[in-house]
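Proteins come first, then strands; the chains are lettered A, B, ... in the order of their sequence lines, and each starts at number 1. This one's a predicted model, so the numbers in the text were calculated from it and none came from an experiment.
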Amino acid sequence: MREISYLEAVREAMTQEMERDPRVFLIGEDIGEYGGAFQVSYGMLEEFGHERILDTPITELGLTGAATGAALIGMRPIAEIMFMDFTTLASEQLVNQAAKLRYMFGGQSTVPMVLRTPAGSGTGAAEHHSQSFENWFVHVPGLKVAMPSTPYDAKGLLISSIRDNNPVVFIEHKLLYKTKGEVPEEPYEIPLGQADIKREGKDLTIIATAIMVKKSQEAAEQLAQEGIDVEIVDPRTLRPLDTETIVNSVKKTGKVLIVHEAVKTGGFGGELAGVIAESEAFGYLEAPILRLAGREVPIPYNRNLERAAVPQVEDIIEKARQLATLKV
Amino acid sequence: MREISYLEAVREAMTQEMERDPRVFLIGEDIGEYGGAFQVSYGMLEEFGHERILDTPITELGLTGAATGAALIGMRPIAEIMFMDFTTLASEQLVNQAAKLRYMFGGQSTVPMVLRTPAGSGTGAAEHHSQSFENWFVHVPGLKVAMPSTPYDAKGLLISSIRDNNPVVFIEHKLLYKTKGEVPEEPYEIPLGQADIKREGKDLTIIATAIMVKKSQEAAEQLAQEGIDVEIVDPRTLRPLDTETIVNSVKKTGKVLIVHEAVKTGGFGGELAGVIAESEAFGYLEAPILRLAGREVPIPYNRNLERAAVPQVEDIIEKARQLATLKV
Amino acid sequence: MTLTKENAEKYLLQMYQIRAFEEQAEKSYMAGKIHGTMHLSIGQEASAVGSISTLEPTDYIIGHHRGHGLTIAKGADLNLMMAEFYGKANGYCRGRGGSMHIADIKGGNLGANGVVGGGLPLAVGIGIGLKMEAENRVLLCFFGDGAASTGAFHESMILAELYQVPVVFVCENNQYAMSFASRDWTTSKKIAAHGEVYGLTSTATDGNNLIEVRDAVQMGVDRARGGGGPSLVVNDTYRWRGHSKSDRNRYRTNEEIEAWKKKDPILKFRKYCKTEKLITDEKAEEIKKKAYADIESARVFAESSPEPDVQTLEEGVYAP
Amino acid sequence: MTLTKENAEKYLLQMYQIRAFEEQAEKSYMAGKIHGTMHLSIGQEASAVGSISTLEPTDYIIGHHRGHGLTIAKGADLNLMMAEFYGKANGYCRGRGGSMHIADIKGGNLGANGVVGGGLPLAVGIGIGLKMEAENRVLLCFFGDGAASTGAFHESMILAELYQVPVVFVCENNQYAMSFASRDWTTSKKIAAHGEVYGLTSTATDGNNLIEVRDAVQMGVDRARGGGGPSLVVNDTYRWRGHSKSDRNRYRTNEEIEAWKKKDPILKFRKYCKTEKLITDEKAEEIKKKAYADIESARVFAESSPEPDVQTLEEGVYAP
Ligand SMILES: Cc1ncc(C[n+]2csc(CCOP(=O)(O)OP(=O)(O)O)c2C)c(N)n1
Ligand SMILES: Cc1ncc(C[n+]2csc(CCOP(=O)(O)OP(=O)(O)O)c2C)c(N)n1
Ligand SMILES: [Mg+2]
Ligand SMILES: [Mg+2]
């Protein structure tokens, strides 16, 4: 099958949905001529024009609210926040408005919108351009949260997100933008709330998100040579969460390592640990539930410090090895 | 000893620290003549005047940034965000600036400030005035997060927070404001990062925060009559977390129920579950780690719905009973 | 624009309904029948009715926390509205929203908002949507003087002008944001001056004069409908009651309150209608009576309505 | 204010140091020695130097993402600055901040900021602190035209005026926020007009004319120091380079860039100094040479400096 990049997959999903549905439009900073800070919407202005590619000044709160308002009367906007760090400026409209309008109004309305934003470190952009806040939005009923790790998932999840009648926070990882993979040309949906087993294995389960899926896959190859057979579960959607797939995998392997890039404390790994520790998988656990996640620091600038601040393949290998030998 | 209310304890802490240290000042909406939406700073304008009680227009981002900036050059501001729901508007300055300035500048500066805000439901104020976002800020290195459950803790933790050289998010619970308890008149500190065992017990551990401590205490009385002896651990500070006290309690009882008001998914309970499940306490667990927390809804207006949206004494009793009988 | 007799009666009825609704709300609260807080707009009725009188039924409004008046002026069913205020299952929002979040989407009321300034960015997007659907509808977006100090206001004005949305922004300047006096930093004229710099045609009115309000908003509505983009109207008015139930009125004097009560928008309108021979005193009293009776039956309706079933708690968080 | 020969030479040196620093930065980046992005202010040197020339050493500045020029004008040690740009252990921020976050707290530079508009609310608070400490210090707060569209700008202007803080807000209007042209919605005059409505004395300058910039900012500084509160100066200027390394300059023409290059602030200042007989051509060339030599030794210093030890990663998150 044809291979395209993660970035192209995102762009293709948006383009195809805009061709299909005139209510879909883009709004964000520098998404027109500039093509977006990461060139995700490059070329779309030519096809869709200024009526449907709305370039904004620097107004994270305003543009997120504008997307929400348009959705409230039936449009299907896709807002882009240039870096996830700046969702801090947008969160009032996302959390208090988009997520709640339907419930607060007793179900009278829907808010079908997507807020796309790139997260993650690794580009040397330092403290204000490298954060991962997915668990903030997982914590908000009314929102859905998707976080693809491959081009295939990116396209299918984004199409589902655009077609979903609820606000979806769609988190892309900067370092995945250029990764390539097989992606069908025609539009397709991956249901929100369906995890994917990225690798089958029997010794231990790694639950990983976004770029940590890729790193875990690399780690797994090496661990396989050491005789450790890793199963990798990628939730793909963090809210709603496919608890079943996760629980089944842990029941099968009896051991689980959770890996994400966001800071460990207060992160999504805690939620996963909680879900597992309260589930029937608990009785199958042969070792403590381990978490490997971002260190307790803002992301620093220096390349080596930056690298040390988030899990790397070698860290995953080491932790998995440790887990493989652990016993209750 | 003298009994005062939680609200008075907060006010006394601020007053005593302002008397002691001229660098301490208050900034927030309607904190002057109005006395604050909950009357926490009532009367302080008379004592300290407009130079140190800065009433602001509605500018959550601006006033939080103003507190941060003042702290950056050596003042010790206490900012009030009228409802925790509106920290969504302030989080850029809190998370990207206050929390990071020190690290980002390589340790050149300090940001000694407190951001006080009331969280929680139960006042019939509905979706936009009832939320609990503590885990958002627990997720941010550079911040500390305190969440007192009694007047005694409120005063001691607030004094420590004001004297701390780092930004502290100080979360008060609206329904606790009128609760009373013994509080020494002189200033005292409760170290940030020190949990408190609110009740000793041997059958199971309840880890609860803020108003859930009080509800858990009520539940424990009743459970005691049924022969279930509950230990209640109140972390008091969520970041830094007193892992040791928690782990020791779980090792002792072998069973743990986590109770908080914030929405369950993505909440601090996950973090606690994660901490326990990865610790040496794991091997002592005789049952799954249970979490009881806010339901997956925005807080609704109607009194009964509102009540049903967060854990009540009877829910805690039921869950604890269930846990007491559970076996791996 | 000249005022027909029919319209004059309608406006007077609506203003009285607002007043009666809020007086009832206050009573119900005092009687312990209501859990929570509320924000009364008594004294501001002309701003709500005058502004919304310019709309077609298919047009939209979006409101703010002090929104009872707006909701009534947009033609809400008083029973469903009172039921919502009481948190009942058959209220507009099934009891989930209450006073601060009443919406009537079918009726073109896109809802009140608990976040000051929260509706402003939404209004920009609604305006974008209205342009896209090209059915020539317009939106009135209401906000307070306090909201004018929020970052949301600034960003929304810039975006509204950039996209030339068919929106009239109506600032109900009741002189205070809670205890914060607008005189300290911004007057109606200043808010309008900001609007001008953003590029919006901006007018400050005597917000207690329904005719003046209506004329100013009508210009904005015509401009919006004609594709001329957004505008701003600032209605200078006053709330007679405290900010909410927690208010002790420490920040203002009784004299000030009394002085404003003398500028009662309802009496002002009655006087005008009498002079213009549109409504006699007898007719006005009749209208008033009807308004209070309407509210009384809404109260009865609300009080006899069922509580929501707690089993339904999780309904409506997500759309299918 | 008249310009002494000594100051003229100092300003020219600083402008050349800025230009040289950024040219070097670009070269180091191109050579793959730098990880990350950067924002160059080549073409805007007069705004930085002219503004900051008005300060006493004990005064403060707070900057923005395009902050190299500001840092140099505030008197940073070029070695420590270049080391920080290279992410080295002995850089100003121990390699943690990099290009976008250079601060020199002891030198009164309270830091660059990665969040557009992020420094504005901080400036209000610094101003509050300066009033409380009552040592008569003032702050210059720099931000771009793009930052003027943020809610942070609006809230900060309102608070600054309310508390009468000793701050001069300096908007470096380089005509674009990334690709967003300020001509579409706000010009320097419009930004200044906003300032006036907030109550700040506001001036728009030819930001490539150091003397004009200095005079305008000096008025603000004098006012602030004299207890007269905040003011706003908007320097009209242009960045010659792309926004950052991801920029492909699709949104502007080469003609426009070339036209602005003709208004080079350094050459403009040299011409002025020659006419005024302050600096001869020979002296100017000498100064230029020194500037480039300073930067060259900073480069050598930076490149031979040690990398931070990854064991120190967690140092400095919390203060003791
Ligand atoms: C963002 C935000 N901050 C604070 C509040 C608390 N609050 C509710 S209403 C209000 C005053 C609003 O003033 P204004 O906009 O003038 O409307 P008014 O109440 O005068 O009608 C405040 C501060 C809020 N609801 N939202
Ligand atoms: C809040 C926020 N939104 C978006 C960005 C991405 N960004 C970085 S610089 C920039 C343009 C800033 O324009 P301006 O303020 O005019 O400064 P200039 O870059 O022109 O010097 C943008 C959009 C950011 N850093 N912060
Ligand atoms: Mg008001
Ligand atoms: Mg610019």
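Heavy-atom pairs under 4.5 Å with chain B were tallied for D:V165, D:I62, D:L159; the largest tally goes to D:L159. No other option in D:T312, D:I102, D:L139, D:N113 has as many heavy-atom pairs under 4.5 Å with chain B as D:N113. Looking only at heavy-atom pairs under 4.5 Å with chain D, the residue among B:P22, B:G69, B:A67 that has the most is B:G69. Counting heavy-atom pairs closer than 4.5 Å to chain D, the top-ranked of the candidates B:Q108, B:H50, B:R23, B:R52 is B:Q108. Interface check for chain D: of the options B:N165, B:T64, B:T110, B:I73, the most heavy-atom pairs under 4.5 Å are formed by B:I73. Comparing B:L143, B:V111, B:L89 by heavy-atom pairs within less than 4.5 Å of chain D, the highest count is held by B:L143. In terms of non-hydrogen atom pairs under 4.5 Å with chain B, the most contact-rich of D:G118, D:A160, D:S156 is D:G118. Per-residue counts of heavy-atom pairs under 4.5 Å with chain B were compared for D:L130, D:D104, D:I126; the largest is that of D:I126.
Summarising the geometry of D:F169 relative to D:L120, their closest heavy-atom pair is CD2-CD2, 3.8 Å, with the distance given to 0.1 Å.
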Query raised in the report: Step by step, would you call B:F48 with B:V24 a side-chain contact (heavy atoms from CB on, under 4.5 Å)?
Result: CA-CA 11 Å; B:F48 298 105; B:V24 180; over 6 Å; no

**Report entry** Candidate pair B:H260 and B:F268, rule ring pair (Phe, Tyr, Trp, His ring centres under 6.0 Å), full reasoning
**Finding:** CA-CA 8 Å; B:H260 61 65; B:F268 184 65; 7.2 Å; no

**Report entry** D:F143/D:H64 under ring pair (Phe, Tyr, Trp, His ring centres under 6.0 Å): CA gap, chis, key distance, verdict
**Finding:** CA-CA 6 Å; D:F143 63 106; D:H64 51 52; 8.3 Å; no

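Contact of B:M104 with chain D is made through backbone and side chain together, with heavy-atom distances under 4.5 Å. With a 4.5 angstrom heavy-atom cutoff, D:A112 touches chain B only via backbone atoms. Contacts between D:P308 and chain B at a heavy-atom distance below 4.5 Å are absent for every atom of the residue. At a 4.5 Å heavy-atom cutoff, the contact between B:I27 and chain D is made by side-chain atoms alone. With a 4.5 angstrom heavy-atom cutoff, D:E84 does not touch chain B via any of its atoms. For D:I105, the parts lying under 4.5 angstrom from a heavy atom of chain B are both the backbone and the side chain.
Side-chain contact check for D:R137 versus D:P166: every heavy-atom pair is 4.5 Å or farther apart.
At a threshold of 4.0 Å, the pair B:K144-B:D164 counts as salt-bridged, since one of the basic side-chain nitrogens sits closer than that to a carboxylate oxygen. A salt bridge links D:R299 with D:E303; the closest basic N to acidic carboxylate O contact falls under 4.0 Å. Note on D:D59 versus D:R225: salt bridge recorded, some NZ/NE/NH1/NH2 to OD/OE distance being below 4.0 Å.
Qualifying ring pair (Phe, Tyr, Trp, His ring centres under 6.0 Å) partners for D:Y318, counting only residues two or more places apart in sequence or in other chains: none.
For residues 35-45 of chain B, the side-chain hydrogen bond (donor to acceptor under 3.5 Å, both in side chains) pairs, not counting sequence neighbours, are B:Q39-C:R250. Applying the salt bridge (charged side-chain N to carboxylate O under 4.0 Å, His left out) rule to pairs touching residues 56-80 of chain B yields B:E80-B:R116, sequence neighbours excluded.
A ring-centre distance under 6.0 Å is not found for B:F86 and B:H128.
Here the options are D:F21, D:F142, D:Y92, the test is ring-ring contact (aromatic ring centres under 6.0 Å, His included), and the partner is D:H68; only D:F21 passes.
Annotation: residues 94-101 of chain B contacts chain D through B:N96, B:Q97, B:L101 [non-hydrogen atoms, separation under 4.5 Å].
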